[in-house]
Enquirer: 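One structure coming up, written as structure tokens, with questions to follow.
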Amino acid sequence: MVTLTINGQTLEAEEGQTILEVARRSGIDIPTLCYHPVLPPDGSCRLCTVEILSGSRPGLQTACTYPVEKGLEVQTHSPKVIEARRVILGLLLSRTPNVPLIQDMAREYGITEPPFPTENPEEKCVLCGRCVRACHEMVKAGAINFASRGLDRRVGPPFMEKTRVCIGCGACTIVCPTGAIEIVLKQAAEYLAKPLGPTAAIYVPSPQAIPRVPVIDTDACIRFRQTDRTNGEITDACGACAIVCEAGAVNFDQQDEILDLDVGAIIVATGFERPNPALLPQYSYGEHPDILDGMEFERLSNAAGPTKGQILTSDGRVPKAIAFIHCVGSRDEHANRYCSRVCCMHAMKQAHIAKERTGADVYELYMDIRAFGKGYEEFYERVQREGVIFIRGRGAEVVQVGGKLVVKAEDTGIGRPLILPVDMVVLCTGMNPPHDADKIARTFGISRSPDGFFMEDHPKLRPFQTATEGVFLAGTCQAPRDVPDTVAHASAAAAEALKLLSRGEVVISPQTAYIPAELCSGCRVCNALCPYSAISFDEERKVSVVNEALCKGCGTCVAACPSGIIVGKHFTDEQILVQIEALLGTPA
Amino acid sequence: MSEKPKLKLALYWAASCGGCEIAVVEINEKILELDAAADILFWPVAVDTKYDDVRRMPDGYIDVCLFNGAVRTSEQEEIAHLLRCKSKIMVAFGSCASEGCIPGLANLYSRNGIFERAYLTTPTTDNPEKILPQTRTPVPEGELVLPEFYNTVLTLDDVVPVEYYVPGCPPQPHQIWAVIEAIVSGNLPSPPAVVGAGDKTCCDECTRKKGEKKVKRFYRPFEIIPDPETCLLEQGLICMGPATRSGCGQGKALCVEANMPCRGCYGPAPNILDQGAKMLSAIASVIDSNDPEEIARIIETIPDPAGTFYRFSLSKSLLRRARV
Amino acid sequence: MKKISIDPITRLEGHGRIDIFLNEEGEVENVYFVIPELRGFEKFAEGRPVEELIRITPRICGVCPEAHHMAATKACDAVYHVDPPPTAKKLRELFYSYFYCSDHATHFYILAAPDFVLGPDAPVAERNILGIIHKVGLELGGRVIQHLAETHEAVATLGGKDIHPVAGLPGGWSKAITEEERRRLEEIARRAVEFGQLSLKLFHDIVLGNKAYLDMILSEAFILPTYYMGLVDPRNKVNFYDGMVRVVDPDGNEFVKYSPAEYQGVVAERVVPYSYLKFPYLKKVGWKGLVGGKDSGVYRATPLSRLNASDGMATPLAQEEYERMYETLTGDRSGRKPVHHTLATHWARLIEMLYAAERALELVTDPDITDPNVRTIPTATPTEGVGIVEAPRGTLTHHYITDERGLVRKANLIVGTTNNYAPIAISLKQAAQGVIRKGVEITEGILNRIEMAFRAYDPCFACATHALPGRMPLEVVVHDASGEVVARASRGLD
Amino acid sequence: MPEERFEPRIIGFLCNWCTYAAADTAGVSRMKQPPNVDIIRVMCSGRVDPTFVLKAFREGADGVLVAGCHPGDCHYSEGNYKTLRRMTLLRKLLEQFGIEPERLRLEWISSAEAPKWAQVAREFTEQVRALGPLNWKGTVLAGLPTTAEHFCPEVSE
């Protein structure tokens, strides 16, 4: 701890802090330009000049670079200081007469006109060097630097030409105080243009995310991109988020982990997958930014979304007409034959929101409305009352006419084709089983029904149990269902799992294999055959032994036993042989 | 034993190689005990007795008839019937009488095929007029006859009821003696039953170290020099031991002791219906692959399933013979 | 007219039948020797992996399975073009020598001896091994049984099993022997040599010492000049396991000497409709029917034939006895060969037994015999091979043709007894003509004399027909001119 | 009188979890399938002992169908692979016995594939019909004694 006084005020500071930091912390204003909290101080713009009354280096010094010392006495607004700043701001204003930030700062010091002749009125760069430091110190790309001297001094890539060294991270544009740098890299531009996607390389997945912690998009994050493109040579690029995070919660070293857990029951809740509407070309998804799917509309209408919940078209207008097309990819022989069960209701909810917030004409193009849940039918009626227009007839096609969207459909009510010009189209896509469901099924030894979702043991009586003991299904991995149904289904699965665990014992099927020890010759043919390692070899008695608790009764060992002594309970050789005789004994 | 009337014994062979008789002779010095304990009424191999004597015996006069050899001709079938009716107890003695043994392999072919090979197409055959043996042949002096040669090799119990079976090719002398003692002392189990053999499989007697079995390819006996301590099957040699009844060795499996895989001469293990099918199942099960192509490749290394898995038991197998 | 052969009861009368037809004068018009069995091994060998025939073909005959085992093993060496390590060959021959010791003893003591020791006219009930034991006394009987037991033990030690051995493999022998086993085997070999000498002494005392028998041996009825076949080593000495096959004509001159692969050029087999067995003969001479002599292709392959076809025995004691036999039978010291006395076959058999014992002793005391290297892994593509050994009952030929995977496409087998089918038939006719005369009552003894001619060959029709059954009991049926059966005798043979 | 059409007898060994369920569904959904296939249910195709197949042929089956879950989908994770190995080897054996390997068919039919089951049943029936009768008992074993009778041959002196 050292004690110093600023403007006569005695302050405590820590070794190594700068005068600027201490002053800012105590609410004492010192103007800065080239200073940036995540960049090393440079003192190049000299705007933070203060007067040192007593200290190791008396006189005018830059506060951003001057470390505190015992008994230091500082004046931040002494006449000398004011005079110095006026000179600096005068020069800056003369260089960049039309940059609002500079104009404002100058005005504070009573300068309204550039005191010196201006070379180039369009100049925006004040040569503060923040961008250069960002590119070097943070991004560690070293793509830009100062070139030339004196009046010709400027910032840019070598020879002012495109450079591969630049990774288009955009860090320079972020740190530039005067907006002097523009990103022209295509990919970056797209990245920034994406309306509904994440807005930074580090973000909270969704406003309702639990736990509510940000994640780093390693494809966008400067640090990870640098690590990748330099094959791990540069691993400490940027880290700005870590510098500003006072909790020190940012951890770049987190890795995917594979954990081995011994469990007594497994609940498979691997959920569903969003269908890709682009696979149904008639809806032109992906060809126009205002053709959304349900999820995207959800994001758009979300208060925490990019538009703060305002429903706007991609060019920022309030839509005058919105069409919701039901059953996209569901109840469709070219996609999924099944009904996804949730779309009708979420379409109506979204229509309700759209109507409420935009007052636009909202159309629902449906085949049948399936409002089967508690209060659903009532909600259906309410939305109708609110003036949402329900047209019975599948949305056949979405086309662009002169940049405007047109939905073609048939109104089966009046039996006429229909053409709706709209500003926004929402495709009510349903639910697909995960594309890798087969892998999951194999992992847990469960099977899948024709629709691709996991198969329950019995459609009515064992709707969340599977054929594999101790493995249960919860939610949309078994079939499309909405939230309440999912909660019910999952709770039941959880309860069943708990039942299994609390009982501490399992009921096994009676079809197990049994080896009469007195007959076994110990050839060990069966040993390696059991997928459940239920067969062990008793070295003492030289016989193979079946652990009936592990045995699932497939009978593979029974069929393999060369001495024919393994008994497959309830499927014995005798039982099967007499079946054969009986079947073939009777005349055809 | 001398008090009670001496046991009346008969031995006969049908379609057999004679090994069973030699095996009986190999009880060596015990042959004298046998002589003391039993009157051998009929044993064409070693004792002079005329068929007439047998023919004149009252039915059931013989206490025990040890009948070896399969039934391949009309003549053998008739002898079987005669001895059956003269004997209280009929014993299928040896692999041929019990399961058809190696002669049963002929069931993979037809009588015609055998005749053609034997009398027409063997390289040294001299048969310009394409003569085949006939059941009746007129000669200047009269007529000569041959018994009918069946198309299929039958086992004894195919043609007459049998009380006991003594497996083995041949039955091992120590087992033969055990059976004779059982007969003499009247300690036979209730028929029908297998006597003179173990009630497990060869693996039970085999002294080799056995582990889990996973086979990547099978070898023929001359292709490798097997480790003398380890189970032959684990080394890729097809060994019939696991599906074969124990009893050949006294505490060791004879062939395996000589580093050669078992071929199954003691017949099907006690609890199985079809020795070949069971061994096939076991062999296939230990193939170490799940890939159809590789499985097919591995199975290519088993050149002769029928002749290997049914080496001794074809006549008693489920299919009994091939369709030709 | 009642036909013997179709009456189911009389058909029970046996597996081999001699039909003797008499003419009006009551003299022998013709004799037929019928083998009612067939085995078909040649057929069901097809499709089998060729090396399995080493374990399959022994089931042709349980009396001499070792012979088939060995012939098959050698044929497989040839099929795979592989040469076994020296020790493997020695083990094979050692194994084979012990087998000869037991097989020849079995025949002499259990089958032949009753005729000589007890006499052809002894009561039927006693004419068997037990009878012998009663006659010669338990002491000798015990020696016989011990000899058989020990030689079987030796065969089992070397071959894995004694009946139907398993140790043969293309390129070697599955099992080396330990020093401990060797010591036991040497002991057995030494006793076998003594037993061989003992047996010859017995033969001299009881048979040659008995004028009646000697006359029978020398009598016309039992003399048949034919060609003779036998396996010989490079020095033309008798060898059972390996060498060239040598055939001499009735005058004792070498007719042909061939290697196994050449057998097809030498031997052919004639098919007749009344028997399941074929008649082999010498191709170059040709088939002249059932007659002996230089112009007929009929040859014999018996112990006597082997001696006739050779220039002597490879071991000292056997060589001594060999010279003695020819001196005795030809009446001069020149050792003139061959001799045609069928019954001398028994003598020759005992000489061979002694040789086998001596040979076993040589091999079992060979320093390399316990060498563990007994396998050569075949690498060549299998094709075709012939294996020839001397089975006790004659030259044994196995011939296999395989595909490139070593599965048998064709097999041909010419086995010991088959070689002698024709000569046996001839000998029987001779004997019949010799003993059956008009007005002479046909007694069991008379018929037995006919069988003695037959028995000299130690025929094993299990082998001969590669058919089963093994031992063949013989039935002699005498028909008069009208076809009526005037006499019948039957007995089991081994 | 017109030649009667040959109706093959086929035994099907079906695994409980996949093919049996499929066949069940096929029945419930009234799918068209021939009556020639008689079904025997086993818990897993791995339970099918080659003995059963041979027994079926011996007792008169003209064809045998073994069906289970798709590879990798076995309810018991690996049983069907054992079946694959066994049936491959068994086909080779059948050939040696003069039985066309096509008479033994192995199929993977999941519980979801009821239509496939019906189709396989139809196909296989036609395939076996084309192969013609096997009728092992009636042809190959015809005339062979099955149960030994005890009688004494009449003795003539």
Side-chain angles (χ1 to χ4, degrees), chain B residues 13-19 22-23 26 28-29 35 44-48 50-51 55 69 75 78-79 82 102-103 105-106 108-109 113-114 117-119 122-127 131 133-134 137 141-147 149 169-170 220-222 225 254-255 258-260 263 303-304 307, chain C residues 3 5 8 11-13 21 29-30 32 34 36 38 40 42-44 48-49 51 55-56 59 61-63 124 127-130 145 149 152 160-161 163-164 166-167 169-171 174-175 264 267-271 273-274 276 375 378 405 407 412 462 468-471 473 483 490-492 494:
Chain B
W13 72 93
S16 81
C17 67
I22 300 296
E26 284 186 14
N28 302 328
E29 68 287 345
D35 185 39
V45 172
V47 182
D48 260 344
K50 290 186 185 163
Y51 288 93
R55 204 172 41 178
E75 185 175 286
E78 283 151 7
I79 296 170
L82 177 76
I102 278 173
L105 285 177
L108 290 173
Y109 301 91
I114 291 169
R117 172 60 81 226
Y119 300 115
T122 35
T124 46
T125 295
D126 161 28
N127 189 1
I131 295 167
Q134 305 297 318
T137 310
E141 302 80 6
E143 188 180 56
L144 298 173
V145 298
L146 287 174
F149 181 86
C169 180
R220 285 157 67 176
F222 64 87
I225 299 176
L254 288 180
C255 300
N259 303 322
M260 292 297 280
R263 283 292 173 255
D304 176 24
Chain C
K3 286 270 176 282
S5 44
R11 270 174 70 193
L12 291 180
E13 293 283 359
F21 292 90
E29 178 71 28
N30 203 353
Y32 290 94
V34 175
L38 163 69
E42 279 122 337
K43 186 60 186 177
F44 64 74
R48 311 282 82 78
E51 72 275 10
R55 300 181 68 173
I56 289 174
R59 269 70 182 192
C61 174
V63 183
V124 170
R127 238 176 20 227
N128 60 48
I129 172 65
L130 300 169
I145 287 172
H152 285 141
K161 269 169 94 187
I163 302 170
H164 305 321
V166 300
L169 280 166
S174 75
K175 180 171 175 288
Q264 293 184 57
V267 182
E269 300 175 285
R270 188 79 176 190
V271 180
Y274 61 80
Y276 282 124
R375 294 277 307 274
R405 290 182 309 154
L407 301 192
N412 189 29
L468 315 156
R471 244 29 81 271
S490 74
R491 62 183 297 125
D494 200 1

Enquirer: Nearest heavy-atom pair of B:A23 and B:P170: which atoms, and what distance?
Expert: CB-CB, 4.0 Å

Enquirer: Checking C:Y32 against chain B: side chain, backbone, both or neither under 4.5 Å from a heavy atom?
Expert: side chain

Enquirer: Just verifying a value: how many Å separate B:C169 SG and C:K161 NZ, rounded to the nearest 0.5 Å?
Expert: 5.5 Å

Enquirer: Which atoms of C:V267 come close to chain B, meaning under 4.5 Å heavy atom to heavy atom: side chain ones, backbone ones, both, or neither?
Expert: backbone

Enquirer: Which atoms form the tightest heavy-atom contact between C:V34 and B:V145, and what is the distance?
Expert: CG1-O, 4.1 Å

Enquirer: Could you walk me through whether C:R59 and B:L105 pass side chain to side chain contact (heavy atoms under 4.5 Å, CB included), step by step?
Expert: CA-CA 11 Å; C:R59 269 70 182 192; B:L105 285 177; over 6 Å; no

Enquirer: Counting heavy-atom pairs closer than 4.5 Å to chain C, which one of B:T122, B:D304, B:I114 comes out on top?
Expert: B:D304

Enquirer: Between B:T137 and C:P273, what is the shortest heavy-atom contact and its length?
Expert: OG1-O, 3.4 Å

Enquirer: Side chain, backbone, both or neither: which part of B:L108 has a heavy atom under 4.5 Å from chain C?
Expert: side chain

Enquirer: Among C:S174, C:P170, C:G160, single out the residue with the greatest number of heavy-atom pairs under 4.5 Å to chain B.
Expert: C:S174

Enquirer: Examine whether an atom of B:Y109 lies under 4.5 Å from a heavy atom of chain C, and if so say whether it belongs to the side chain, the backbone or both; otherwise answer neither.
Expert: side chain

